[in-house]
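Reading through the C-alpha cells given below for one structure.
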Protein chains: 2
Amino acid sequence: MKPIKFSVAREKLEQDILDAAKRLFAQRGYGGVSLDHIAKAVGASKQNLLYYFPSKEALYRRVLHGVLDVWLSYMDALSQRPDDPEQALREYIAGKLRFSREHPDDSRVYANEVISGAPIFAAEIAERVIPSVQADVAIFNRWAECGLCRQVDGRHLMVLLWASTQVYADWSSQISLVLGKQELDEADFAAAESLIVDMVLRTVLLPSRPDHGDATP
Amino acid sequence: MKPIKFSVAREKLEQDILDAAKRLFAQRGYGGVSLDHIAKAVGASKQNLLYYFPSKEALYRRVLHGVLDVWLSYMDALSQRPDDPEQALREYIAGKLRFSREHPDDSRVYANEVISGAPIFAAEIAERVIPSVQADVAIFNRWAECGLCRQVDGRHLMVLLWASTQVYADWSSQISLVLGKQELDEADFAAAESLIVDMVLRTVLLPSRPDHGDATP
DNA sequence: GTCTATAGCCCGATAGAC
DNA sequence: GTCTATCGGGCTATAGAC
C-alpha cells in the first residue's frame, strides 16, 4: 500500500517537473534555464530534482520526447481519409492549428530545438518524424497519381503546412501585436484556419470539371 | 592619421564581434552563449569584448537591432508596386526567401527572440515592425477595395507570408532531413518559391474574367 | 525521498598595470 | 586598447546525514 501511495506521489512530482521544465525551456531555451529555476517553479529543491532526473540534459531529453509524442499525434490526419484529399487536408490543418492552440509550449520547445540545428534530437527526429512525413508525402503523391488532386511537391507542401500552422504558437507574441490584442483567441484561430484551408485547397484541388477528364497534354 | 587607423581597426573588430555573436545567438539562444564563446570565436579576450560593449545584454541589443534592419529591408516590396498586386506579391515572396537564404542567422536570432515572447525587443518590434506590417496590410486592403484582388484578411496573409518563407531559414535542419540532403540548395529555394507564389496568387488574385464585373450576389 | 553541505567550474563584470 | 588578476555569484552535480 505504502509503495503505491509513494509511487503515485512520485509520479505526480515527476510530471510536475516535466511540465514546468517544458514551459521554461519553451520560453528561454535550454541554455537559458537552470535546474534551480525549474525546481523553484514546482516548489522543490534542485537536489531533489536531480533525484528524479539524472542530469539536466536527461530531463531535457524527456521533455523533448514528450513533445515529439504530442507533435506526432496531430500528424496522422492525412492517413485517416486516404480517399478524400479535401476532407483529409481540412482535418490536418484544423488538427495542427489545434495543436498550436492547445500545446503552444510543446510547439516552442520543438521549434527551439530545430532552430538550433537539432543538436540533441536529430536522431530521434530522423527516426520518428521523417518517416511520418514521408508517409504523408506518399499519400499525397498517390492522390496526384489517381487524379484526385493536382501535382504539387508534397514535401514542400508539408513544410508549408507546418509553417503556417505552428507560427500561431511560436510567433503568437508578434501576431498579437499585429492584431492589436493581448493574446490570440478562438476567432483568430478560426480566421487563420479559414485562410490556410482556402489557400491549400485552391492550390491542391483540381478545378471542378465533372464532364471531362483531361485538360493538359 | 593615427586616430583614423585605430578607428578603422576598432570598427572591424566591433563588426567581427557582432557577426560572431549573431551566429552564436542564432544557434544557441541568448542564455546558451557566454561572452567567452563569442570572444574566442573572434580571437579576443572576454575583457576586451567588454571594452567594446558595456554588457552582454547591450551586445545582444546591438545584434538584434542589426537583425531588425535587415529583416525590414526585405519587407518594403509591397509598396514598390502599389498598382500591381501580382508582381508586388511575387517580388515580396522572392525577397523574403532571399532573406532566408542569404541571412539565415538573422532570421534565427529574430525567431528566437519572438518565440521567447520578445522580452527585450517588444518595444522596438512594436515601433518598427508593426507600422511596416500595417503599411503592407493597408496596401492590401486598398487593392481589395479597388477590385484589384480578392477580399482576404491582409493581417493573416502577412503572417502566412512570413511563416512560409522564414521556415526555410529557421527550420532548414529539419527540411534538409525531409529532402534527404545535407543542406538546402538553390533548386530547393526555387521549388519553395514556385509553390508559395502559386498558392498566394491562387488565393489573392481574382479569377480572370475580362467580360463581366460581378459573380456573387 | 528530502535535506544540508560542498566540490569544482563557469559566468558577467570590474580594477589596474602597461 | 589589451593585458593579468580577481571578485562575487550562479551553475551542474555529488556526498552523506536523516
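Residue numbers begin at 1 in each chain, while the letters A, B, ... track the order of the sequences.
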Readout for nucleotides 11-18 of chain C: B = base within 4.0 Å of protein heavy atom, S = sugar-phosphate only, - = neither; 5' to 3' it is SBBB----
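In this structure, a donor-acceptor pair under 3.5 Å is present between the side chains of B:Y168 and A:H156.
Between B:R202 and B:D198 a salt bridge is recorded (basic side-chain N to carboxylate O distance below 4.0 Å). The existence of a salt bridge linking B:R62 and B:E14 is confirmed by a sub-4.0 Å separation between a basic side-chain nitrogen and an acidic carboxylate oxygen.
In this structure, B:W162 has its ring center no closer than 6.0 Å to that of B:F99.
Applying the salt bridge (Lys or Arg N to Asp or Glu O under 4.0 Å) test to every pair with at least one member in residues 162-178 of chain B, sequence neighbours left out, gives no pairs at all. Pairs passing the ring-ring contact (aromatic ring centres under 6.0 Å, His included) check and including a residue from residues 113-135 of chain A, sequence neighbours excluded, do not occur.
OP1 or OP2 of C:dC3 sits under 4.0 Å from a side-chain N or O of A:S45. For B:N48, a side-chain nitrogen or oxygen approaches OP1 or OP2 of D:dT2 to under 4.0 Å. Proximity of B:Y51 to the phosphate of D:dT2: no side-chain N or O atom is located under 4.0 Å from OP1 or OP2.
In this structure, the CG atom of A:L59 is 15 Å from the P atom of D:dC11, given to the nearest Å. Rounded to an integer number of Å, the gap from A:Y52 OH to D:dA13 C1' is 18 Å. Taking atom CD of B:E14 as the reference point, atom P of D:dG1 lies 10 Å away to the nearest angstrom. Between B:F53 atom CZ and D:dG1 atom C1' the separation is 15 Å, expressed in whole Å.
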